[in-house]
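In this text, all values refer to a predicted model and were calculated from it rather than measured experimentally. Each ligand, and each atom within it, is numbered from 1 in the order the structure gives.
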Amino acid sequence: MTAPSLGQTGAVSATTWVPLAGAAHRIAVEVLLHGPLSRAELARRVDLSAGSLTRLTKPLVDHGLLVATEVAPTGSRLGRPSQPLDVVAAAHHFVGVKLTGDHAHGVLATLRAEVVATAGRPLTDHAPDAVADVVAEVVAELVGTGGRPVTAVGVSLGGDVARATDVVRAPFLHWHDAPVPLGGLVHERTGLPVVVANDVTALTASTHWFGEGRGAPTFALVTVGAGVGFGLVAHDRLVAGDGTGTGRIGHHPLSATGPVCDRGHRGCATSLLTIGSLTAQVSVAHRREVSYDEVLDLAQAGDPAAHRVVDDAGVGLGRLVTAAAGFTSAPLVVLGGEGVRLAEVARDAVARGMAVDRDPAAVPPRLALQSPSFTQWARGAAVIAIRTFVLGA
Ligand SMILES: [Zn+2]
């Protein structure tokens, strides 16, 4: 798509938006996801009269969220040039930070979630103040790179979050006991609006609007990496309860003969599919430390131990995909997470596993693979900030 020339001038007051609701929210989302849109097309999409649309779009244009773009009339010399509405994505920046047990991965993203810069810091101390310090350092580095004011910050992590600010439980950070007011701690240090979310929920949101789920009203997301995650979009809505990640399929049973997880389940999703499980099994077989990428490389090269472990994991992942699609009626399953290269290396095993529990007459779900980069996770955190502070989702 070539960008039309912009007919709008004036300052953008990116930090004064009030989160939108109702029809204004729907208008902003339609333009964000599908713009530029003519006013007639927009009115049709949100089911409003031309008059209502004009009334509702004016404050959005005044605030700089929407702009009227000028498109030169084509064909006839007659008639006024149309002025489709669009957003100027690069005029608004957001920081997303994904926390793991040992690292903070950050991105600076535009209003359309295009990543324009990345930054990261190791996480060596899990004390809440120390974690907030590291997040603030990542934010400070990214704020300096974009040349534009940052509107808001999103932070995502594996665990449960209450009221979009307090971390109730985060196993990778060993936060179990009292809620950690992470959003408040980061806000104190940055002065920016901050939202905190479960990492799989955040990744599901960015996949829905700006990723492999675009245009799919219903899809499931399965992530493999340090843990196993599940996210769901149904009828174009992100299915997520307040304070929780969507579902907990980490211990879903997949094999009667697999290894045993830390809770004593044999062959559950965690015991079969996580990076830690695959590397531990192959390291024992080879009597040395073997990295995850090396496990997958060895399997591809025909190493018997690595091939067996990766093949079993692939079959298990296939069964998990069929379960995810079966329980949700999702015609599309997106596979993501930092361990997702498993699905590529064990492609045949995944296909075999998908067939195990499926009625032969049933249509298998379509699969889409995401990049394993941590940038994907951090981008999800930025999208949660966009949804929360701009669009009022
Ligand atoms: Zn388990």
Side-chain angles (χ1 to χ4, degrees), residues 99-102 126 156-161 167-177 198-201 203-204 220-232 239-241 243-285 290-292 295-296 299 305-306 308-328 330 333-343 345-346 349-350 352-354 356-358 372 377:
L99 294 173
T100 68
D102 59 11
H126 290 159
S156 77
L157 77 181
D160 295 337
V161 178
V167 180
V168 178
R169 192 187 66 100
F172 299 114
L173 296 174
H174 310 294
W175 292 353
H176 297 286
D177 304 326
N198 171 269
D199 54 0
V200 178
T201 301
L203 184 62
T204 308
L221 170 71
V222 173
T223 65
V224 290
V228 180
F230 172 73
L232 179 65
V239 180
T244 60
T246 310
R248 293 192 175 81
I249 63 161
H251 294 276
H252 186 76
L254 294 172
S255 164
T257 60
V260 177
C261 81
D262 59 350
R263 289 196 204 166
H265 311 133
R266 182 169 296 286
C268 76
T270 296
S271 80
L272 269 186
L273 303 178
T274 53
I275 287 176
S277 165
L278 270 71
T279 55
Q281 292 178 74
V282 177
S283 295
V284 167
V290 182
S291 74
Y292 187 62
V295 166
L296 298 177
R308 179 185 55 75
V309 168
V310 168
D311 198 70
D312 288 353
V315 171
L317 182 56
R319 297 186 75 168
L320 191 59
V321 164
T322 289
F327 282 124
T328 61
V333 177
V334 179
L335 295 173
E338 68 275 17
V340 73
R341 198 185 144 215
L342 167 68
V345 173
V350 171
R352 273 186 278 126
M354 283 176 67
V356 170
D357 305 313
R358 196 179 65 238
W377 287 110

Engineer: Would you tabulate the side-chain donor-acceptor contacts of residues 249-261 under 3.5 Å, counting partners in other chains and residues two or more places apart, or write 'none'?
Structural biologist:
residue	atom	partner	partner atom	Å
H251	ND1	H265	ND1	3.1
S255	OG	T257	N	3.1
S255	OG	T257	OG1	3.4
S255	OG	G258	N	3.2

Engineer: Quick one, V222 and L335 - any side-chain contact, counting heavy atoms below 4.5 Å?
Structural biologist: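 In short, these two side chains touch, coming nearer than 4.5 Å.
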
Engineer: Do the side chain of D199 and the main chain of S156 share a donor and acceptor less than 3.5 angstrom apart?
Structural biologist: no

Engineer: Determine whether V356 and T322 make a side-chain contact, defined as any pair of heavy atoms from C-beta on separated by less than 4.5 Å.
Structural biologist: no

Engineer: Could you pull out the N/O/S protein atoms under 2.8 Å of the Zn ion (ligand 1), ignoring any water?
Structural biologist: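 The answer is H251 ND1, C261 SG, H265 ND1, C268 SG.
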
Engineer: Quick one, W377 and T223 - any side-chain contact, counting heavy atoms below 4.5 Å?
Structural biologist: yes

Engineer: Decide yes or no for V239 and T328: does some side-chain heavy atom of the first lie under 4.5 Å from some side-chain heavy atom of the second?
Structural biologist: no

